[in-house]
Every structure is written in structure tokens, then in C-alpha cells.
Amino acid sequence: MSAPQETGSGLFGLMAEFETPTDIVKAAESVREAGYRSWNAYTPYPVPKLWELMEHKSPVPAMTFMGGLTGAVASFAFITWTQVVDYPWNIGGRPTFSWPAWIPPTFETTILLAGLTAGIGMLAINGFPKPYHPVFNVDAFERASQDRYFLVIKSDDPHFDRTSTESFLRELGPVEVSEVDE
Amino acid sequence: MSLIDVDIKNREELGRPHFIDQKETPTSVDDAISGVIFGKTYLWWVVGLAVSFGLLSVGGLGLTWLLMKGVGIWGINMPVAWGFAIINFVWWIGIGHAGTLISAILLLLQQEWRTSINRFAEAMTLFAVACAGMFPIFHTGRPWLAFWMLPYPNNMGVWPQFRSPLIWDVFAVSTYFTISLVFWYVGLVPDLAVLRDKAKHLFVKRIYGLFALGWRGAANHWHNYEKAYLLLAGLSTPLVLSVHSVVSFDFAVAQLPGWHATIFPPYFVAGAIYAGFAMVLTLMIPLRAIFNLHAYITERHLENMGKVMLVTGLIVVYGYATEAFMAYYSGNTFERFMMYNRVFGPYWPAYWALLLCNFLMPQLMWIKKCRTSTFWLFFASQFVNVGMWLERYVIVAVTLTRDFLVSSWGAYHGTFWDWAVFIGTIGLFLSLVFIFIRILPALSMTELKAISPEGKSAGGH
């Protein structure tokens with residue numbers, strides 16, 4: 001990194017490293033109180049208080065519902081079309097529209113589309129696959145998946161200031177504060 | 001205070017043991033579990049994989065001969081057109097069900113003890129369903145045309161017959177495999193990120209990194225992840241119940257005495273979970289001893305699995321009793337004869353062996369000493385593995401040998417090639433298990449960290 005600069009080119013944000021989940025939750029509370037809005041926390045396992053503090057809303061449940069609904073309607077309509085319209089078959093005089101028999105495949109397709117939306121859709125809205133991300137430029141960050149807790153205030157936050165944000169982060173009792181290159 | 005917190009508080013007040021050693025930290029969890037992957041290759045692993053692969057090759061031989069000669073090399077003929085292929089299909093898919101039960105249903109019921117065994121059980125589900133899926137495909141006789149079962153626009157102008165349980169099966173089993181795979185992979189992503197970050201060798205780092213998709217554990221990602229994981233569990237729960245119900249419809253929708261029974265769906269689902277827990281114990285007990293995973297797979301885990309085995313076993317026995325009672329109570333000649341034939345007919349040893357394996361032996365699980373002893377648990381689960389196979393043998397083969405007309409009665413026994421393909425799938429299953437424990441974390445590091453004392457201190461979990 002060259003000389004300290006204001007927001008913008010080259011600097012993604014400032015990263016503070018913490019040793020325990022309790023520390024990072026406390027730090028995140030302070031970051032929020034200080035008025036920062038463009039920040040994120042990186043932890044080895046889910047810490048619900050962090051996304052509550054970020055006021056993050058997850059679109060996954062609504063997406064999954066839509067996926068399931070599509071699966072249900074589309075498969076039932078498709079089966080009806082094949083058996084009633086496209087190629088009606090007389091099987092022992094049973095009605096062509098024998099809908100109870102179509103419930104099992106309709107049910108399975110509903111689950112299939114809802115499940116694929118939940119699993120693959122979640123990865124997609126999280127932006128994966130994403131092999132490169134600025135946070136990986138910090139060497140210590142490899143412990144974010146293991147046993148350390150990281151908080152990043154991004155440089156696009158209106159309150160972000162290279163010097164004052166750094167001293168603010170240092171007051172929160174981190175192990176280390178590092179610059180995250182773009 | 002969530003239900004889990006209440007549970008933890010109660011457990012502490014009652015002085016009951018935790019499901020993870022309280023000295024464990026995120027660092028120690030990672031080291032222990034990734035140590036299995038990054039550690040040295042043991043001789044027993046090489047030997048085990050070689051033996052499994054040998055068994056798999058027997059299956060390869062059996063399938064090659066099958067493709068050259070046709071299904072006539074199997075013991076099937078009229079009146080028994082459904083032989084080993086269907087028995088093995090139902091057996092394998094049943095084994096898979098315990099994996100989904102552990103990963104999905106116990107998650108919804110907030111049973112914390114599932115955490116250390118779910119990853120392995122989910123892998124077992126996938127491998128078992130892969131083995132199961134082969135049988136109906138080869139049983140069609142012309143497996144290269146198996147795609148005809150899928151509804152796709154074709155130049156023959158016809159569609160699959162959606163009134164048939166066999167087509168329901170195609171939908172149920174393929175959905176089950178797909179959703180199990182997605183559930184398993186979603187659970188693996190954060191662990192793959194751990195392996196990416198812990199790997200020393202650049203190539204190994206890249207491979208794990210590729211499959212970790214760039215996971216970085218951001219809080220908003222975790223939120224979406226948790227929602228998706230819970231939803232997948234919620235979707236898998238009715239799915240797993242529907243899959244074995246649909247499998248049982250293959251029989252119950254037919255008119256044959258011994259098949260045409262309303263007890264079939266719940267009885268099959270309970271049997272599936274029963275067989276699956278026996279298989280989880282069969283694999284987990286040696287794994288725990290070899291890799292010294294006693295801190296994560298505690299005595300309480302094994303005891304709980306023994307209890308589940310006992311309960312589902314009793315439900316299965318209730319199914320047998322209902323079959324016998326309904327045969328008597330229906331007053332129907334053919335139903336009564338079906339039951340008489342099972343118990344005293346030419347295949348009586350299969351039925352009595354089934355009662356020994358599925359009814360008598362699991363009663364050991366009433367005794368706490370047996371439930372907490374790896375030897376007795378392993379011993380009882382071997383009987384269940386065999387017993388559940390015999391159950392399907394009795395339902396499929398014995399029922400078909402003697403139906404309504406005496407003139408169409410016949411006999412059935414599996415041929416060498418039937419056994420070869422069955423042994424081959426056992427080889428495939430074991431080979432996949434051996435490869436899995438060497439290259440992927442058999443226990444979920446992420447979830448274990450979240451239930452470790454440090455993880456609990458963050459609250460909300």
C-alpha cells in the first residue's frame with residue numbers, strides 16, 4: 001500500500017481480526033453505533049447476531065417458495081396435458097383425467113424444484129462461484145474459515161476515513177488491523 | 001431463549017453429558033478432522049479399498065455378462081419376474097433413508113446429537129441410492145433405453161404412463177438422489193473452505209478451493225446459508241417419507257396377496273430407517289475406533305442410535321403382526337394361504353431367519369449395557385442388515401412363487417450372476433466410503449465448531 005488515502009481506488013476496506021465470537025459481536029455493535037453501514041463480518045461458522053446487526057434480509061425462503069410453486073403447477077399441468085390432451089390412453093376404462101395418480105410425481109417435482117432453488121439458488125445469490133475476492137489478499141484471513149473472526153469496514157461507506165476508521169477499529173481490541181487491497 | 005438453549009440448560013442442571021467434549025475448541029476440531037485427510041495413508045486403508053474394489057470388479061464382471069446375455073442369466077422367470085434386482089433395490093434405498101433422517105428430521109427436531117454423524121450419514125445415503133438406482137435400470141433388460149422412462153418429446157409420440165407406480169418411482173428416486181446431493185454439497189461448502197485454507201500443497205489447495213466456490217464466511221452469506229439449509233431439511237423430511245412410500249406402492253398398488261396392503265407405506269418407511277441406522281452403526285463403530293473420534297462420536301451418540309434402532313424395529317415387527325392378523329381377519333383364502341406359505345411353505349427358513357434377525361436380536365437394545373457397548377451394537381446391527389434383506393426376499397420372491405392359481409406356481413432362487421451383481425454393489429458402496437473418508441471431512445467441522453463451548457458463547461445457537 002502506498003500512502004494513506006481517502007476512499008476509492010485500490011483500497012477495499014480495513015479489516016480487524018478478533019479472537020472470539022463474543023469479541024466480534026461486541027465490535028460489530030460498536031461499528032453499527034458509530035454509524036457505519038457498509039461493513040461485513042467473516043466467521044468460521046454462523047453467528048446469528050452478526051446478520052441481525054447488519055439488518056440483512058434473506059431472500060432464500062421466498063425464492064424457495066416460488067421454486068416449489070413453479071414445480072407443483074408446471075408438473076401437474078404438464079402431466080395433465082400429456083395424458084388428457086396430447087395422447088389420451090384408455091386404461092381399463094379409467095377416467096383420462098385421473099388426477100389422484102398424478103399426485104406422487106407432482107409432489108416429487110415440487111420438492112425437486114424447491115430444493116434446487118434453495119441449494120443452488122442460495123449459492124447463486126451469494127455470488128458463487130467467486131474465486132477472487134479482495135479479503136483473501138490479507139494473509140491472516142485464511143483463519144477466517146477456521147478459528148478467527150474478521151470484521152471489514154468497506155471503503156465505500158460514507159463514514160469511512162482511512163485514518164479515523166483505523167484508530168476506531170484499534171479501540172475495539174482486535175488482534176490486528178490490516179488494509180484490504182482491492 | 002430458544003428451545004436449544006433451554007435444552008442445554010436442562011442438560012447442565014441434570015448433569016447429563018454433552019454431545020461434544022467440553023475441552024474442544026474450533027482449532028482442535030479442525031486439526032482432528034482435517035488430520036484424517038492430510039495425514040498419512042494407512043496400510044489398512046489401501047487394503048480396505050483394494051478389497052472393496054475387488055468386490056466391485058465382481059459386479060463389473062456380472063454386469064458385463066448380463067449385457068452380453070440378457071436378464072435370463074438371473075434367476076427370474078415366470079411367475080417370479082422380480083427377483084434380486086428389486087430386493088436389492090429396496091434394501092439399498094432403505095439403507096439410504098437413515099442418512100436423511102439424521103441430517104434432516106433430527107435437525108428439525110433440534111436434536112443436537114445429529115451434528116457429529118450427519119455428514120457421514122448423508123454420504124452413506126448418496127452411495128446407497130447410487131447402488132439402488134442401478135438395479136431397476138439393469139432390470140429393464142435394455143438399460144441403454146432407460147431414458148424412455150423420462151417424459152421427453154420423442155419420435156414415438158408417447159409419454160410415460162403417469163398412473164403407474166413404477167413411473168412414480170422414477171420421479172421419487174431421481175429427486176431423492178438430486179436433493180440429497182444438493183443437501184450434502186451445501187453442507188460441505190464451508191468445510192471445503194477450511195480444507196482449502198489448511199492445505200499445504202498448492203495443487204490440493206486449488207482442488208478444494210475450486211469446490212469451495214470461494215466461500216469466505218461472510219455474515220450475510222451465512223444467513224442465506226442457514227435459511228437454505230433449514231429449508232432443505234424441511235423439504236427432505238416429506239421427501240424421504242414419500243420415497244419409501246412410493247417404493248412400497250410398487251407392491252401395494254398390485255392386487256397380489258401379501259403386497260396389496262395399506263400398512264405398506266409406514267411399514268416400509270420404518271423398515272428403511274431401521275436398516276439405515278444398522279448400517280450407520282456398522283460403518284461408524286470401526287471408523288470411530290480407527291480415527292480415534294471418541295470426543296465427537298460419544299457413547300451417547302451410539303446409545304441414541306441403538307434406541308432409534310429398537311423403536312423402528314418394533315414398528316417393523318408391528319408391521320409383520322398386522323400382515324399376519326389381516327391375513328387371518330380378512331377371511332380371504334388367498335391372503336390366509338400367503339401367510340401360511342411364508343411361515344410353513346418351502347421358504348420357511350427365510351421367514352424364521354427374518355424373525356430372528358429383525359425381531360429377536362434387536363431386543364438386546366432394551367439393555368443399557370448392550371446399547372452402550374460397541375461390540376453388542378455392532379453385533380445387533382449385523383443381524384438387522386441381514387434381516388432387512390431377508391424381509392424383502394420374503395416380500396418379493398416368496399410372495400411371487402405362489403399366487404392365485406396352483407398351475408402357475410413356481411420356485412425361485414438367485415443364480416451366481418444375481419449374487420455377483422449384489423456383491424458388486426456392496427463393493428461399490430464400500431469403495432465410495434473408503435474414498436470419501438480419505439478426501440472429504442467425515443464429520444462436519446463447521447457444525448462441530450458451532451456446538452463447541454466457544455461457538456455456544458456467541459449465542460443464538
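Every chain is numbered from 1, with letters handed out A, B, ... down the list of sequences. Values in this document were obtained by computation on a predicted structure and should not be read as measured data. Note: hydrogens, waters and symmetry copies are ignored here, and every other heavy atom, side chains too, is used.
- Contacts between A:W99 and chain B at a heavy-atom distance below 4.5 Å are absent for every atom of the residue.
- Remark: A:F128 CZ is packed, more than 12 non-hydrogen atoms of other residues, nucleotides or ligands lying under 6.0 Å away.
- Of the listed residues (B:S245, B:G157, B:P190, B:G209), the greatest number of heavy-atom pairs within a distance under 4.5 Å of chain A belongs to B:G157.
- Between A:G119 and B:V186, the shortest heavy-atom distance links the atoms CA-CG2, 3.9 Å.
- With a threshold of 4.5 angstrom between heavy atoms, B:I179 approaches chain A through side-chain atoms but not through N, CA, C or O.
- The side-chain heavy atoms of A:M122 and B:K227, taken from C-beta on, include no pair separated by under 4.5 Å.
- Enclosure of atom CZ in B:F203 is not indicated, since only 12 or fewer non-hydrogen atoms of other residues, nucleotides or ligands lie within 6.0 angstrom.
- Taking 4.5 Å as the limit, some side-chain heavy atom of A:Y45 sits within range of a side-chain heavy atom of B:E454.
- Ranked by heavy-atom pairs under 4.5 Å with chain A, the list B:A193, B:S34, B:A172 is led by B:A172.
- The part of A:E19 that comes within reach of chain B is its backbone (N, CA, C, O), which places non-hydrogen atoms under 4.5 angstrom from that chain.
- The shortest side-chain heavy-atom distance between A:L50 and B:W222 does not fall under the 4.5 Å cut-off.
- When side chains are defined from C-beta on, B:N224 counts as touching A:P59, because their heavy atoms get closer than 4.5 Å.
- When each of A:S98, A:A118, A:P105 is scored by its heavy-atom pairs under 4.5 Å with chain B, the top score falls to A:P105.
- Of all heavy-atom pairs spanning B:V246 and A:P104, the tightest one is CG2-CB, 4.4 Å.
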Next on the checklist: Evaluate A:W102 against B:R163 for side-chain contact (heavy atoms from CB on, under 4.5 Å), listing each step before the verdict.
Outcome noted: CA-CA 7 Å; A:W102 306 340; B:R163 292 176 190 82; 4.2 Å; yes
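- You'll find the side chain of A:N126 stays beyond 4.5 Å of the side chain of B:L213, heavy atoms only.
- Not a single donor-acceptor pair under 3.5 Å links the side chain of B:E226 to the backbone N or O of A:V47.
- B:F171 is listed as a side-chain neighbour of A:T109, based on a closest heavy-atom distance under 4.5 Å.
- Of all residues in residues 66-80 of chain A, those placing a non-hydrogen atom less than 4.5 angstrom from a non-hydrogen atom of chain B are A:F78, A:I79.
- Looking at A:L123, only its side chain comes within 4.5 Å of chain B, counting heavy atoms on both sides.
- For a residue to count as touching a neighbouring chain, one of its non-hydrogen atoms must lie under 4.5 Å from one of that chain's; by this rule B:V158 touches chain A with backbone and side chain alike.
- If you measure heavy-atom distances from A:F150 to chain B, you find no contacts under 4.5 Å at all.
- The candidate with the highest count of non-hydrogen atom pairs below 4.5 Å against chain A, out of B:R196, B:E447, B:M445, is B:R196.
- Rounded to the nearest 0.5 angstrom, A:I91 CD1 and B:S164 OG are separated by 9.5 Å.
- Among all heavy-atom pairs drawn from A:P46 and B:T446, the shortest one is CD-CG2, 4.4 Å.
- When the heavy atoms of residues 165-175 of chain A are compared with those of chain B, none of the residues falls under 4.5 Å.
- Other residues, nucleotides and ligands place no more than 12 heavy atoms under 6.0 Å from the CZ atom of A:F65.
- Looking at heavy atoms from C-beta onward, A:I111 lies in side-chain contact with B:P238 at the 4.5 angstrom threshold.
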Item to check | Check against side-chain contact (heavy atoms from CB on, under 4.5 Å), B:T178 and A:L112 | outcome: CA-CA 8 Å; B:T178 313; A:L112 180 70; 3.8 Å; yes
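- B:K449 and A:Q146 make their closest contact through NZ-O, 3.2 Å (heavy atoms, listed as atom of the first residue, atom of the second, distance).
- Rounding to the nearest 0.5 Å gives a distance of 3.5 Å between CZ of B:R216 and NE2 of A:H133.
- Atom CZ of A:R32 has more than 12 heavy atoms from other residues, nucleotides or ligands within 6.0 Å.
- Summarising the local packing, CZ of A:R94 is surrounded by 12 or fewer heavy atoms from other residues, nucleotides or ligands at distances under 6.0 Å.
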Item to check | Evaluation steps, side-chain contact (heavy atoms from CB on, under 4.5 Å), between A:F107 and B:W168 | outcome: CA-CA 10 Å; A:F107 175 80; B:W168 304 348; over 6 Å; no
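- Here CD of A:E142 is found 5.5 Å from NZ of B:K205. Values are rounded to the nearest 0.5 Å.
- Interface check for chain B: of the options A:A144, A:A114, A:G127, A:P131, the most heavy-atom pairs under 4.5 Å are formed by A:A114.
- Heavy atoms closer than 4.5 Å to chain B are found in the side chain of A:T64, but not in its backbone.
- When all heavy atoms are compared, the tightest approach of A:M54 to B:A219 is SD-CB, 3.6 Å.
- Comparing B:D169, B:V189, B:V194 by heavy-atom pairs within less than 4.5 Å of chain A, the highest count is held by B:V194.
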Item to check | Test side-chain contact (heavy atoms from CB on, under 4.5 Å) applied to B:N220 and A:W51, step by step | outcome: CA-CA 6 Å; B:N220 56 331; A:W51 66 70; 5.8 Å; no
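- Counting heavy-atom pairs closer than 4.5 Å to chain B, the top-ranked of the candidates A:V152, A:L116, A:D86, A:V25 is A:D86.
- If you measure heavy-atom distances from B:Y185 to chain A, the contacts under 4.5 Å come from the side chain alone.
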